[in-house]
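Only one structure is covered here, and it is reproduced in the block below.
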2 protein chains.
Amino acid sequence: MLRGVGLRVTRPRVAVLTAVYAHPHADTDTIIGAVREDIPEVSHQAVYDSLRVLTAAGLVRRIQPSGSLARYEARVGDNHHHVVCRSCGMVEDVDCAVGEAPCLIASDDRGYTIDEAEVTYWGLCSGCSPLEVPDHT
Amino acid sequence: MLRGVGLRVTRPRVAVLTAVYAHPHADTDTIIGAVREDIPEVSHQAVYDSLRVLTAAGLVRRIQPSGSLARYEARVGDNHHHVVCRSCGMVEDVDCAVGEAPCLIASDDRGYTIDEAEVTYWGLCSGCSPLEVPDHT
DNA sequence: CCTGCTTTCTTGAATCAGTCAAGATTGTGT
DNA sequence: ACACAATCTTGACTGATTCAAGAAAGCAGG
């Protein structure tokens with residue numbers, strides 16, 4: 001898999017890739033923790049570097065909702081988006097209602113050469129929804 | 001305007017609000033600079049705080065594309081999105097092709113109570129487009 | 001207009017994710 | 001197995017943002 005994109009196969013990279021598959025939408029610290037279960041002495045630097053290389057190679061994708069740390073996921077190549085909970089910050093995948101390339105055509109592209117449309121849905125997850133907080137006034 | 005949302009009217013807040021109107025999509029440093037043309041001795045802290053309060057009150061909106069600093073804009077309440085240049089980081093507004101509430105309905109909301117759909121278009125602005133960089137090999 | 005209370009601002013330090021750099025180590029092709 | 005080049009380790013550093021304590025200013029009532 002790493003060879004497929006012309007990268008050297010090193011222990012840290014394999015572990016990072018595995019960790020991203022095992023923990024979708026995890027932030028960097030979580031990934032470092034997961035990697036250290038395989039290789040206890042990896043440096044954070046190696047993880048940061050691996051993530052950058054894997055992202056550049058297109059094997060993982062980096063997402064960073066406003067106000068959050070960087071997160072990574074291994075689902076790449078398809079067209080999917082994210083829901084983010086405003087309260088707990090949890091992220092989940094959603095496919096877009098419109099189909100394959102939702103909203104990819106802006107009404108006015110302002111002269112930009114657009115290559116991607118990223119959609120982020122903001123709201124509250126089921127755990128954080130104010131079901132039992134009616135009106136306190 | 002500030003009074004309209006129940007906030008005290010202070011010099012820094014007025015200046016920050018004015019600066020955000022004058023510099024759409026400006027990052028915090030730019031805003032601090034603009035504010036200091038009115039009030040040379042404002043502390044960065046006052047600006048950060050004003051921005052947070054104004055954002056909470058809904059008078060300005062905070063946006064933060066992946067890998068960028070926080071940026072602010074005064075266009076709120078309408079449904080518009082952004083194009084971001086991958087090269088220079090410039091941000092511009094676009095209205096969505098679909099109309100008023102584009103993509104607001106995810107195909108599967110995963111149990112979330114969604115209140116906003118944010119669309120970010122990624123690409124290259126006209127100034128950064130590789131028009132004169134054909135193929136150098 | 002003046003007083004007093006509360007919010008907001010100033011000053012200065014601290015935090016924390018992420019980056020930079022130099023030298024040691026490891027992967028790969030021959 | 002060897003040599004070269006890429007990658008990792010260690011450790012320091014950056015820079016945006018936040019925290020905290022005391023001073024100043026806005027607002028409501030007299």
Side-chain angles (χ1 to χ4, degrees), chain A residues 1-20 23 25-57 59-72 89 91, chain B residues 1-20 23 25-57 59-72 89 91:
Chain A
M1 193 161 185
L2 287 166
R3 272 183 238 279
V5 293
L7 293 177
R8 290 195 178 181
V9 181
T10 67
R11 262 195 151 306
R13 283 180 184 171
V14 174
V16 167
L17 197 49
T18 305
V20 174
H23 305 274
H25 313 129
D27 57 41
T28 310
D29 270 344
T30 303
I31 292 171
I32 291 177
V35 169
R36 288 202 169 133
E37 291 183 6
D38 277 335
I39 320 169
E41 319 79 13
V42 248
S43 60
H44 64 147
Q45 188 61 40
V47 176
Y48 273 105
D49 190 45
S50 297
L51 285 170
R52 200 178 320 132
V53 169
L54 293 173
T55 302
L59 292 182
V60 306
R61 185 148 87 100
R62 174 189 171 127
I63 60 177
Q64 187 180 21
S66 291
S68 290
L69 305 181
R71 291 161 178 276
Y72 294 86
V91 176
Chain B
M1 194 164 185
L2 286 165
R3 271 185 240 278
V5 293
L7 293 177
R8 288 195 179 181
V9 181
T10 67
R11 261 192 151 306
R13 285 181 183 171
V14 174
V16 167
L17 196 49
T18 306
V20 174
H23 306 274
H25 311 133
D27 58 39
T28 311
D29 270 344
T30 304
I31 292 171
I32 292 176
V35 169
R36 288 201 168 132
E37 292 183 6
D38 277 336
I39 320 170
E41 318 82 11
V42 247
S43 60
H44 64 148
Q45 188 60 41
V47 176
Y48 273 103
D49 190 46
S50 297
L51 285 170
R52 199 178 321 132
V53 169
L54 293 172
T55 302
L59 291 182
V60 306
R61 185 149 87 102
R62 175 188 171 129
I63 60 177
Q64 185 179 22
S66 289
S68 292
L69 305 180
R71 292 162 178 276
Y72 294 86
V91 176

For [X] and [N], what is the distance between atoms [atom1] and [atom2] respectively, to the nearest whole Å?
{"X": "B:Y48", "N": "D:dA16", "atom1": "OH", "atom2": "P", "value": "7 Å"}
{"X": "B:R13", "N": "C:dT10", "atom1": "CZ", "atom2": "P", "value": "12 Å"}
{"X": "A:Q64", "N": "C:dG18", "atom1": "CD", "atom2": "C1'", "value": "10 Å"}
{"X": "B:L51", "N": "D:dT18", "atom1": "CG", "atom2": "C1'", "value": "14 Å"}
{"X": "A:E41", "N": "D:dT7", "atom1": "CD", "atom2": "P", "value": "21 Å"}
{"X": "A:L2", "N": "D:dA6", "atom1": "CG", "atom2": "C1'", "value": "14 Å"}
{"X": "A:D49", "N": "D:dT10", "atom1": "CG", "atom2": "C1'", "value": "15 Å"}

So, for [X] and [Y], which heavy atoms are closest and what is the spacing to 0.1 Å?
{"X": "B:R8", "Y": "B:L2", "value": "O-CD1, 4.4 Å"}
{"X": "A:I39", "Y": "A:V42", "value": "O-CG2, 2.9 Å"}
{"X": "A:A26", "Y": "A:I31", "value": "O-CD1, 3.8 Å"}
{"X": "B:A57", "Y": "B:V5", "value": "CB-CG2, 3.9 Å"}

Side chains of [X] and [Y]: closer than 4.5 Å at any heavy-atom pair?
{"X": "B:L51", "Y": "B:V16", "answer": "yes"}
{"X": "B:V9", "Y": "B:V14", "answer": "yes"}
{"X": "B:H44", "Y": "B:V47", "answer": "no"}

Working to the nearest 0.5 angstrom, can you tell me the gap between [X] [atom1] and [Y] [atom2]?
{"X": "A:L54", "Y": "A:R13", "atom1": "CG", "atom2": "CZ", "answer": "7.0 Å"}
{"X": "A:S50", "Y": "A:L59", "atom1": "OG", "atom2": "CG", "answer": "11.5 Å"}
{"X": "B:Y72", "Y": "B:T28", "atom1": "OH", "atom2": "OG1", "answer": "5.0 Å"}
{"X": "A:H23", "Y": "A:R71", "atom1": "NE2", "atom2": "CZ", "answer": "13.0 Å"}

| request: Could you list by number each residue of residues 25-36 of chain A showing a heavy-atom separation from DNA chain C of less than 4.0 Å, or answer none if no residue does? | output: A:T28, A:D29
| Which letters describe nucleotides 19-30 of chain D, given B = protein heavy atom under 4.0 Å from base, S = only from sugar-phosphate, - = neither? | B------BS---
| request: For A:V42, report the nucleic acid contact type (base, sugar-phosphate, nothing); a contact means any heavy atom under 4.0 Å. | output: sugar-phosphate
Listed pairs, N/O of protein and of nucleotides 1-3 of chain D, under 3.5 Å:
none

